[in-house]
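Read through the structure below, which is laid out as structure tokens, and then see the notes.
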Amino acid sequence: MDVKSRGISLLLLLSIFSTSFSDTDQVLNSKKPTLSTTVHSLASSFVFQIKGNVYPIGYYSVSLAIGNPAKFYDLDIDTGSDLTWLQCDAPCTGCTIPQNRLYKPRGNVVICVDPLCAGVQSAPPCAVANEQCDYEVHYADDGSSLGVLVRDYIPVKFTNGSLQLPILGFGCGYHQTNPGPHPPPSIAGVLGLGNGKISIVSQLHSLGLIRNVVGHYLSGRGGGFLFFGDQFIPQSGVDWTPMLQSSSVQQNYKTGPADLLFDGKPTSVKDLELIFDSGSSYTYFNSIAHKVLVDLITNDIKGKPLIRETADSSLPICWKGPKAFKSLDDVTGNFKPLVLSFTKPKNSLLQVPPEAYLIVTEHGNVCLGILDATEIGLGNINIIGDISLQDKIVIYDNEKQQIGWASPNGKCDGPSKL
């Protein structure tokens with residue numbers, strides 16, 4: 001972020017996904033693509049395959065085709081921010097990918113009087129109307145991107161068979177910062193999936209191509225899928241909760257209030273407002289809620305073969321066992337499940353089993369993937385990150401202003417293996 005039915009027919013999704021992408025590749029690779037630029041009403045939905053994991057990669061990404069002829073760019077999927085941006089083939093600071101993978105602008109810069117510019121700048125955006133529309137976006141990990149807004153073709157193959165070529169706006173970033181302790185990811189940029197006017201989802205909706213809905217399935221085994229449009233919302237088995245209006249300039253997928261249950265029992269952690277953020281690897285609680293949770297876990301594992309391990313710097317709180325853990329299957333039996341119980345509506349429950357809040361590190365230790373938000377400057381903000389969204393279909397329905405989630409029957413490794 002400016003911080004990252006339970007029996008749904010997943011086999012149907014696989015079939016649609018495979019057809020869509022094989023056909024798209026053929027069209028994009030042909031010398032004379034026959035692409036329709038006609039905008040029509042609410043065509044359908046479309047799907048992307050997701051790569052990545054919570055640990056050790058730390059993010060989930062998709063490959064997005066941009067331009068005509070199109071090139072593919074790997075982008076970090078982020079429901080916590082609106083702006084999509086790519087590293088730009090211009091005098092570039094902080095660019096980490098090879099030049100042949102940078103986006104090359106070609107006289108397609110958005111100017112200040114363009115209504116799209118208002119999505120990245122405060123009004124009035126510029127002193128001179130025909131100046132380029134600059135943007136600057138900051139994230140909670142102190143990373144940032146500075147650049148200029150551009151427009152280009154983004155080919156989209158819908159599940160109804162149509163191939164559209166909308167012209168959409170995004171950022172061409174020529175100055176990136178990544179002051180964190182880990183090297184920046186080897187991706188071209190960020191796919192902003194928030195609900196602001198500048199987001200790709202909102203732009204596609206404004207063109208009448210999709211309903212204003214986006215969703216994802218992040219597999220705990222890595223990979224998954226991302227979908228735009230409402231075709232893949234399960235007909236049943238979904239827990240829904242209303243979105244809350246954000247008071248900040250940056251719009252977020254915020255919901256609540258919710259109470260925390262530990263092993264099915266109430267705790268003192270109540271009335272949490274939560275931001276659903278696929279751009280965040282881990283979940284964050286405010287310092288009070290985080291301390292309560294850590295105390296509950298610490299007291300519960302007393303007498304179990306787990307000892308605090310301070311030498312492992314993977315995450316702030318880790319434990320080691322009698323021997324190195326090889327997977328979460330070796331350790332989750334020592335931990336209790338969590339539940340976030342939303343009061344609007346009642347009985348809307350987000351299940352957070354141990355595998356949705358723990359990781360096993362390369363050192364064979366188990367670490368808590370729910371972190372203290374206050375320690376990284378988020379104050380009282382609470383974030384549901386990728387770790388707690390794993391193995392769920394999560395839906396952000398901007399039309400009905402609600403967030404939903406459902407657990408498919410069994411686990412899957414992504415659309416290619418559903």
Side-chain angles (χ1 to χ4, degrees), residues 5 8-24 27-28 35-50 60-66 70 75 77-79 81-82 84 153-170 191-218 224-238 240 243 251 253 276 278 389 392-406 408 412 414-416 418:
S5 126
I8 179 176
S9 177
L10 298 179
L11 286 172
L12 170 63
L13 182 59
L14 165 62
S15 173
I16 293 172
F17 177 92
S18 302
T19 301
S20 296
F21 276 81
S22 61
D23 289 354
T24 302
V27 172
L28 295 179
L35 300 173
S36 169
T37 57
T38 303
V39 173
H40 59 95
S41 178
L42 303 175
S44 186
S45 299
F46 57 95
V47 186
F48 295 99
Q49 186 174 19
I50 288 176
Y60 289 88
S61 65
V62 297
S63 186
L64 185 67
I66 298 176
L75 303 177
I77 62 171
D78 186 11
T79 59
S81 65
D82 296 332
T84 293
Y153 297 99
I154 297 184
V156 177
K157 177 64 184 287
F158 289 94
T159 55
N160 66 359
S162 66
L163 182 59
Q164 298 293 318
L165 197 59
I167 299 174
L168 305 176
F170 54 91
L191 178 60
L193 300 173
N195 53 15
K197 291 182 179 179
I198 192 64
S199 80
I200 295 294
V201 185
S202 297
Q203 291 185 64
L204 287 167
H205 173 66
S206 68
L207 291 173
L209 290 174
I210 62 168
R211 296 200 180 277
N212 199 347
V213 176
V214 64
H216 54 68
Y217 177 89
L218 308 178
F225 56 86
L226 170 73
F227 62 90
F228 287 56
D230 64 349
Q231 184 174 353
F232 299 115
I233 298 178
Q235 297 301 307
S236 61
V238 182
W240 292 103
M243 292 182 191
Q251 297 296 307
Y253 291 120
F276 279 57
S278 68
L389 299 176
K392 298 175 179 67
I393 297 173
V394 182
I395 308 120
Y396 308 86
D397 188 341
N398 293 302
E399 304 242 331
K400 297 181 179 178
Q401 287 292 292
Q402 59 184 1
I403 300 172
W405 53 88
C412 59
S416 61
L418 291 179

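Excluded from the calculations below are hydrogen atoms, water molecules and symmetry mates; all remaining heavy atoms, backbone and side chain alike, are included.
- No side-chain heavy atom of Tyr60 sits less than 4.5 Å from a side-chain heavy atom of Leu226.
- Looking only at side-chain heavy atoms (C-beta outward), Val213 and Ile395 come within less than 4.5 Å of each other.
- Judged as a salt bridge (charged side-chain N to carboxylate O under 4.0 Å, His left out), the pairs with a partner in residues 224-236 (not counting sequence neighbours) are, in order, Arg211-Asp230.
- Ser81 places no side-chain N or O within 3.5 Å of a backbone atom of Gly192 that could act as its donor or acceptor partner.
- Within the model, atoms CG of Asp78 and CG of Leu191 stand 8.5 Å from one another, a figure rounded to the nearest 0.5 Å.
- Of all non-hydrogen atoms in Met243 and Asn195, the two that sit nearest each other are SD-ND2, 4.3 Å.
- In this structure, the side chain of Ser45 does not engage the main chain of Phe227 through any donor-acceptor pair within 3.5 Å.
- Residue Lys400 holds its NZ atom at 7.0 Å from CD1 of Ile233, rounded to the nearest 0.5 Å.
- Side-chain contact between Leu168 and Thr84 is absent, with no heavy-atom pair separated by less than 4.5 Å.
- At least one side-chain heavy atom of Phe170 sits under 4.5 Å from a side-chain heavy atom of Ile66.
- The shortest distance between side-chain heavy atoms of Val214 and Tyr253 falls below 4.5 Å.
- Nearest approach of His216 to Ile50, heavy atoms of both residues: CB-CD1, 4.4 Å.
- Closest approach of Ile403 to Trp405, counting heavy atoms only: O-CZ3, 3.9 Å.
- Smallest separation of non-hydrogen atoms from Val238 and Gly404: CG1-CA, 3.8 Å.
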Exercise. Yes or no on side chain to side chain contact (heavy atoms under 4.5 Å, CB included) for Asp397 and Trp240, after CA distance, side-chain angles and deciding distance?
Worked result: CA-CA 10 Å; Asp397 188 341; Trp240 292 103; 4.2 Å; yes
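- What you find for Ala406 and Gly237 is that their closest heavy atoms are CB-O, 3.5 Å.
- Residue Ile198 comes nearest to Gln203 through the heavy atom pair O-NE2, 2.8 Å, listed as atom of the first residue, atom of the second, then distance.
- Contact of the Ile154 side chain with the Ile200 side chain is registered, since non-hydrogen atoms from C-beta on lie closer than 4.5 Å.
- Between the CD atom of Glu399 and the CD1 atom of Ile210 there is a distance of 9.0 Å, given to the nearest 0.5 Å.
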Inset, instruction - Evaluate the side chain to side chain contact (heavy atoms under 4.5 Å, CB included) criterion for residues Ile77 and Leu218: first the C-alpha distance (whole Å), next the side-chain angles of each, then the deciding distance (0.1 Å), finally the verdict. - result: CA-CA 11 Å; Ile77 62 171; Leu218 308 178; 4.1 Å; yes
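- Here the side chains of Leu64 and Phe48 are in contact, with some heavy-atom distance below 4.5 Å.
- In this structure, the side chains of Leu204 and Gln164 stay at 4.5 Å or more apart for every pair of heavy atoms.
- Formation of a donor-acceptor pair under 3.5 Å by the Ser202 side chain with backbone atoms of Gly196 is found in this model.
- The one candidate from Phe158, Phe46, Phe228 that meets the side chain to side chain contact (heavy atoms under 4.5 Å, CB included) condition with Leu209 is Phe158.
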